[in-house]
Structure formats: structure tokens, C-alpha cells
Amino acid sequence: MRWRKGTLPVPPSNRSCSNGGAAGLRPRRAGTVWGVSADPQQRAVEVRRSARRRRTVSAYREGDRTVVLIPARMSEAEEQRWVGVMLDKLAAQESRRTLGDAELTERAERLSEQYFSGRARPRSVRWVTNQNTRWGSCTPAEGSIRLSHRLQGMPEYVVDYVLLHELAHLLVPGHGPRFWELLDAYPRTERARGYLEGVVAAERLPKVPAAREE
């Protein structure tokens, strides 16, 4: 699927170059492959530079990899930052296609198999609308997991983290060392936690008063 809506303009500060402009940079060869990304599908990330592309960065899925298109004169530091931005944007867009409860259960089973050797076996996983102060919950005795509807639309790696968090509770009660050792297997645990903490912090900010009409 080619991702058109995710095209983003590069801010003016990122388009300018020191040391004689673009000629002073040594562009990375077009088609550079960034090993394997940390997204749930473990896709490789390929960066393609274009001399004709001057003001935008875009990304799309191509088979088993993610392709990020950037201006040829972009520095390597800018390249790394924009790749991260575009991966998050793309994941968020894909996550907006809300999974049904059956698909959510299948996803949890795949994550359990991948990270916990299939030891966590939920009987049901579903979205709920009555969890506004927590992202997920579970009842180990019933093998049931519930995710807050507020996660819908967030990046896939964030939803997967919350699923894994609740799956881990099916194996270990509480948040002791054994619990966090389980979650250490997921490479985006800290990033997902940071994302959710940012959401909570943003919700606590005071609302900006509307401008007074003249």
C-alpha cells in the first residue's frame, strides 16, 4: 500500500545546509537499507534519496519492507530523525483501521508466541469503553484481557506493548522483577511507555482559552 497522506514537508530549518549548501554534504547512497526496524512486523527500512525531492518526506510499505523517501541533501542526522517520524506516522495510520475483538485476540496470541513462547494464553481479548484511567486490564482466573478504546488510533507498537503488558500479567501477578523481565523481550517497551506517558502529560495541560472575537 502506497502511503500518500503521510507525506510531510521538511521544515525550513531542516532544508538549509551549512558549508556551501547541499554540495557540502555527502549524500548516503540511494537505496540504503537500515537493517531491521523494531516494528511488530520486523520490516527492513529502506531509505531512498532523490535530488528532485526538495521539501517533502514520505513513506510507504513495499512488500516486507518500509520505504522512506527523502531529499538527497538531507544530513544523516536528519535522515535518522525523519525515518523515526515517518515510521510512527505510518504505524498510527495503519492502527486507525481498528481491529475487531477476534483480530485483537489473534494478535495477542501471535505476540504471546513471539515473545513468551506461547505461555500466555488469553481466552478473550476485547475493546472496552469504560477504562478511562488505565490502558488495559486483565482477569488471570478467566484469561480475559480488556483494552481501553483510547488506544485505537495509536501506533501499532504502543497497542502491542499494552497487549504484552496484560499477557505478562496472565503469567506473573504484580509488577516485580519477573514481570519486567518478561517485557524486556519486547524491543519497544521503553518507547511505548514514553509515548503513553506523553499522552497522559498532554491531557493534563491546561486548555488554551479561545481567542476573543473582535
Side-chain angles (χ1 to χ4, degrees), residues 1-18 21-99 103-104 107 110-111 114-115 135 147 150-164 186-203 205:
M1 176 189 71
R2 189 170 290 269
W3 190 42
R4 296 296 187 187
K5 292 184 180 179
T7 302
L8 293 177
V10 179
S13 60
N14 290 335
R15 292 201 298 266
S16 62
C17 303
S18 58
L25 293 175
R26 183 180 177 184
R28 180 174 292 189
R29 179 174 57 85
T32 298
V33 176
W34 281 50
V36 177
S37 68
D39 71 9
Q41 288 74 32
Q42 294 295 297
R43 295 185 181 96
V45 178
E46 179 178 345
V47 177
R48 297 178 184 173
R49 290 174 174 265
S50 171
R52 292 180 296 178
R53 180 178 290 269
R54 298 184 181 279
R55 297 189 177 186
T56 60
V57 176
S58 61
Y60 60 88
R61 304 296 192 197
E62 186 177 83
D64 61 352
R65 69 180 56 198
T66 300
V67 177
V68 181
L69 307 175
I70 64 174
R73 61 183 178 177
M74 186 175 283
S75 70
E76 289 193 11
E78 291 170 332
E79 173 185 320
Q80 292 181 30
R81 184 174 71 84
W82 277 100
V83 166
V85 168
M86 299 310 288
L87 287 177
D88 282 351
K89 292 284 185 180
L90 188 53
Q93 186 190 50
E94 291 173 341
S95 185
R96 290 190 187 101
R97 296 193 298 273
T98 305
L99 299 173
E103 294 171 307
L104 203 59
R107 190 185 194 95
R110 288 197 302 270
L111 289 168
Q114 182 176 358
Y115 295 104
W135 301 112
L147 296 192
R150 298 168 63 217
L151 290 165
Q152 295 173 356
M154 292 188 186
E156 286 182 352
Y157 73 89
V158 176
V159 177
D160 285 351
Y161 163 73
V162 178
L163 277 172
L164 283 165
Y186 183 55
R188 306 191 84 171
T189 288
E190 291 306 316
R191 187 171 184 181
R193 284 170 57 82
Y195 185 101
L196 293 172
E197 288 170 359
V199 171
V200 172
E203 289 175 346
L205 290 174

**OP:** Give me the ring orientation class for Y186 and Y161: parallel if the planes are under 30° apart, tilted from 30 to 60°, perpendicular past 60°.
**Re:** parallel
Original post:
What's the shortest heavy-atom distance between V57 and P71, and which atoms?
Top reply: CG2-CD, 4.1 Å
Original post:
How many angstroms lie between CG in L104 and CD in Q152, if you round to the nearest 0.5 Å?
Top reply: 9.0 Å
**OP:** To the nearest 0.5 Å, tell me how far R191 CZ sits from D88 CG.
**Re:** 4.0 Å
**OP:** Enter the distance from Y115:OH to D160:CG here, rounded to the nearest 0.5 Å.
**Re:** 7.5 Å
Original post:
If you round to the nearest 0.5 Å, how far is CG of L69 from CZ of R48?
Top reply: 6.5 Å
Original post:
Roughly how far apart are S58 OG and K89 NZ, rounded to 0.5 Å?
Top reply: 14.0 Å
Subject >> Residue list, side chain to side chain contact (heavy atoms under 4.5 Å, CB included) with R110, at least two apart or on another chain >> reply: E106, R107
Original post:
Of the non-hydrogen atoms in V68 and A59, which two are nearest, and what is the gap between them?
Top reply: CG2-CB, 4.2 Å
**OP:** Check whether any side-chain heavy atom of L196 lies under 4.5 Å from a side-chain heavy atom of V162, and answer yes or no.
**Re:** yes
Subject >> side chain to side chain contact (heavy atoms under 4.5 Å, CB included) partners for R150, two or more places apart >> reply: N132, W135, S148, E203
Original post:
Got a second to check how far E78's CD is from I70's CD1, nearest 0.5 Å?
Top reply: 9.0 Å
**OP:** Taking all non-hydrogen atoms of both residues into account, name the closest pair between V159 and L151 and its distance.
**Re:** CG2-O, 3.8 Å
Subject >> Polar side-chain atom of R49 near backbone of M74 as donor-acceptor pair, under 3.5 Å >> reply: yes
Original post:
Does some side-chain heavy atom of T66 sit less than 4.5 Å from a side-chain heavy atom of M86?
Top reply: no
